[in-house]
A.B. asks: 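Structure incoming, see below.
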Number of protein chains: 2
Amino acid sequence: MDLEAVRTFVAVAEAGQFQLAAADLSITQQAVSKRMATLERDLGVRLFTRAPRGVALTIDGQAFLPQARELLRVADRAVASVRAGSRPLRIDVINSRGAASGLMRDFHRAHPGIELDVLMLLDIEQAVTAIRSGTIDASFRAVAAPGRPLPGNVESVRVLDEPLELLTGPAHALAGARSVTVAQLAGHRIWMPGLAPGTEWAAYYDDLVAEFGLTIESTGPNFGSDALLDTIADTPALATFMGGHTRLIWPAGHGLRRIPVTGPVPVYPHSFLWHRDNPHPALATLRAHLATTTAGRNAGTWVPNWAIPH
Amino acid sequence: MDLEAVRTFVAVAEAGQFQLAAADLSITQQAVSKRMATLERDLGVRLFTRAPRGVALTIDGQAFLPQARELLRVADRAVASVRAGSRPLRIDVINSRGAASGLMRDFHRAHPGIELDVLMLLDIEQAVTAIRSGTIDASFRAVAAPGRPLPGNVESVRVLDEPLELLTGPAHALAGARSVTVAQLAGHRIWMPGLAPGTEWAAYYDDLVAEFGLTIESTGPNFGSDALLDTIADTPALATFMGGHTRLIWPAGHGLRRIPVTGPVPVYPHSFLWHRDNPHPALATLRAHLATTTAGRNAGTWVPNWAIPH
DNA sequence: TCTGATCCACAACCCGGCGTTGTTCACTAA
DNA sequence: TTAGTGAACAACGCCGGGTTGTGGATCAGA
């Protein structure tokens, strides 16, 4: 049974004749006649009485009409339930207060009508799996070889280089510096709790450590950024790295210092990842939005070798 | 959107892979792949994640699955609501106690599983209209030129010649006769209340009157057969005609007499009428049943000229 | 790392169904 | 009888969906 035939049946029942229904449906009367003949053959009953001034429903046609209307209603509802754009765009970010969140806030300001669902997955691997399986629509992550397609038709484009800053308490040896070079950090203890091994940002800091001889400790449990800030503020021997675009709930009276890092500027390379065949219209909108805000790579910055675009 | 595609979608979702679903549906895997690609294109979303060990539903696919099941359920119900044979066969008879009712009782005894809906319309014209419009499936009526198709593809076949009998009270002049000839009835008052002009049985008695010089009165309101029988029983000057196959609720103690009429025997020519294209299977069963019980025309009987078969 | 197994996608081809145009048929009204 | 209305029939072209054949991606096991 063909839904178009059912739709035609309802149109004919309402119009009372084939020709008018055909005009409504923008097809010929002969096509309507054929559709109804086929439908009657499929159902095994006569639905209409053909008369010279039009058609009338038979008993069976009268019984079928409400069923047909219900069928079309359910069909329309089924289509609407998955209509492109009907569900929120699901976006993974590396950090709820990081640069990616800022980009999404910008996007939301520019397109307030688009529903968003921002979440945090564990790492790049999980994110790519989720994109491939359709669980999420896109992700902001540091990716190896941005611009080169990942397996499973996942595409990526580098959208933002976020400079790292040093965060210290007021009693730290570098607290008074206007800026520090990466080389100056050698010998200082950098504490980054929650830097889980195997994740892409752990790999980023591994490369940073290997290249510039830093000391980064990720020991101890991660009690969240508030606890981290408290500890940094109170401990002269500890500093930490923080994305320059991070929006902090700035603890009052702690005297925390954000110190730019230079020579070169280590930047965290955020890429945007999405599935090539994802037809969600809001995804295209987001990509277009990002394209307008994406800056070229700056000289004098450092990223791991694996993160250099091709 | 194609219902077959929706059915395939559900099959794939249950099977977890295209090949198995294809085997279930007795089509090739490629056909399933094409159907799903088309469905995804029509809906504008991806429904499955393709993986080397099968497929998994995306978020949209998960949302669509219950809608698809509901859609198929409604479609099946719609088809069932008009499945051939699912509704009672609607048959018109000229009289609820007459020969046609007897034929339907026989049929019901032979096929107790077939639901019947026996009703009484006004006359042959209304019956033919109802058959053409699909309101009823068949009718037992006296018809002009039985065997010749009526307008609108209504067919007819003569199935039963019902001899008329004279019904008198005990005090009637002919009450003691074993049988009477039509000629003997001339001069007697025949009373037939409810013989509405324009109906085919009025036409029958008009011809009978014209040919044999009878006197038939159809004056007075029709209070039903019980009132008729009471009046006939109590009135020596009145008699009435009655179909020989009529099943009477015989009033006790009234002394009513049923007297056969001969020379020739006037018979009421019951034909069976139905629409040529009516596909109701029970209708075919009924026609087959009637064909076995239909007797040839007997010699020595009378019917109006218009009722002689071609 | 290589190979075979598994499973989906793509390409080429074929056929049937559907819509079109042109025409005929059935019935009604004047 | 004739004109008008409306559905059915016939012939034809084209698109969609089926098939076979093949390629590509992934995973298990040697």
A.B. asks: Can you check whether Gln19(A) has a side-chain N or O nearer than 4.0 Å to OP1 or OP2 of dG6(D)?
C.D. replies: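 Affirmative; the distance criterion is met.
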
A.B. asks: Does the side chain of Ser33(A) get closer than 4.0 angstrom to OP1 or OP2 of dA8(D) through an N or O atom?
C.D. replies: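 Ser33(A) to dA8(D) OP1/OP2: side-chain N or O found under 4.0 Å.
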
A.B. asks: From CE of Met1(A) over to P of dC18(C), roughly how many Å is that when rounded to an integer?
C.D. replies: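 Atom-to-atom, Met1(A) to dC18(C), this comes out as 14 Å.
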
A.B. asks: Do the side chain of Glu40(A) and the main chain of Phe48(A) share a donor and acceptor less than 3.5 angstrom apart?
C.D. replies: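 Yes.
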
A.B. asks: Measure CD1/Ile27(A) against P/dC14(D) and give the value in whole Å, please.
C.D. replies: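 These atoms are roughly 20 Å apart.
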
A.B. asks: Respond yes when some side-chain nitrogen or oxygen of Thr28(B) is under 4.0 Å from OP1 or OP2 of dG18(D), and no when none is.
C.D. replies: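 For Thr28(B), the contact criterion (side-chain N or O under 4.0 Å from OP1 or OP2 of dG18(D)) is not met.
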
A.B. asks: Scan Asp24(A), Asp2(A), Asp76(A) and name whichever one has a salt bridge (Lys or Arg N to Asp or Glu O under 4.0 Å) with Arg7(A).
C.D. replies: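 Option passing the salt bridge (Lys or Arg N to Asp or Glu O under 4.0 Å) with Arg7(A): Asp76(A).
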
A.B. asks: Between the base of dG18(D) and the side chain of Lys34(B), is there any donor-acceptor pair under 3.5 Å?
C.D. replies: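 For Lys34(B), whose side chain was compared with the base of dG18(D), there is a donor-acceptor pair (under 3.5 Å).
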
A.B. asks: Whole Å only: how far is the CZ atom of Phe18(A) from the C1' atom of dG19(C)?
C.D. replies: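 Distance, rounded to whole Å: 16 Å.
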
A.B. asks: Whether Gln30(A) contacts dT20(C) is assessed here as follows: a side-chain N or O lying under 4.0 Å from the phosphate OP1 or OP2. Is that the case?
C.D. replies: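 No, Gln30(A) has no side-chain N/O under 4.0 Å of OP1/OP2 on dT20(C).
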
A.B. asks: Could you check Asp2(A) against Gly54(B) and say which one's nearest nucleotide on DNA chain C is further toward the 5' end?
C.D. replies: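 By nearest-heavy-atom nucleotide position, the 5'-most residue is Gly54(B).
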
A.B. asks: For Asp123(B) and Thr199(B), does a side-chain donor sit closer than 3.5 Å to a side-chain acceptor?
C.D. replies: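 Side-chain D/A pair, Asp123(B) to Thr199(B): absent.
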
A.B. asks: Quickly work out the Met36(A) CE to dG6(D) P distance and round it to whole Å.
C.D. replies: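 The answer, rounded to whole Å, is 18 Å.
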
A.B. asks: Which is true for Gln29(B) with a 4.0 Å heavy-atom rule: it touches a base, it touches only sugar-phosphate, or it touches nothing?
C.D. replies: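 Here Gln29(B) touches the bases of the nucleic acid.
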
A.B. asks: Using whole Å, report how far CD of Gln17(B) lies from P of dA5(C).
C.D. replies: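 Answer to the nearest Å: 17 Å.
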
A.B. asks: Only one of Glu70(B), Arg73(B), Gln67(B) passes side chain to side chain contact (heavy atoms under 4.5 Å, CB included) with Val74(A); say which it is.
C.D. replies: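 Output: one option passes, namely Glu70(B).
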
A.B. asks: Ignoring hydrogens and angles, tell me if any N or O in the side chain of Thr58(A) forms a donor-acceptor pair with the backbone of Leu47(A) under 3.5 Å.
C.D. replies: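 A pair under 3.5 Å: yes.
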
A.B. asks: Roughly, in whole Å, what's the span from CZ in Arg53(B) to P in dT26(D)?
C.D. replies: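 In whole Å, dT26(D) P and Arg53(B) CZ are 13 Å from each other.
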
A.B. asks: Using only side-chain N and O atoms of Arg50(A), determine if any of them is under 4.0 Å from OP1 or OP2 of dA8(D).
C.D. replies: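 So the side-chain polar atoms of Arg50(A) do come within 4.0 Å of the phosphate oxygens OP1 or OP2 of dA8(D), strictly under.
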
A.B. asks: Please confirm whether the shortest side-chain N or O distance from Arg35(B) to OP1 or OP2 of dG18(D) is below 4.0 Å.
C.D. replies: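 Yes, because at least one side-chain N or O of Arg35(B) sits under 4.0 Å from OP1 or OP2 of dG18(D).
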
A.B. asks: Whole angstroms only, please: what is the CG-C1' distance between Leu20(A) and dT5(D)?
C.D. replies: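 So the two atoms are 13 Å apart, to the nearest Å.
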
A.B. asks: By nearest nucleotide on DNA chain C, pick out whichever of Arg132(B) and Arg41(A) is the more 5' one.
C.D. replies: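 Closer to the 5' end of DNA chain C: Arg41(A).
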
A.B. asks: Let me know the distance between CD of Glu4(B) and C1' of dC18(C), rounded to the nearest Å.
C.D. replies: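 Interatomic distance, CD of Glu4(B) to C1' of dC18(C): 17 Å.
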
A.B. asks: Side chain of Pro52(B), heavy atoms from C-beta onward: which of dC18(C), dT19(D), dC27(D) has the nearest atom to it?
C.D. replies: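 Looking only at side-chain atoms, Pro52(B) lies closest to dC27(D).
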
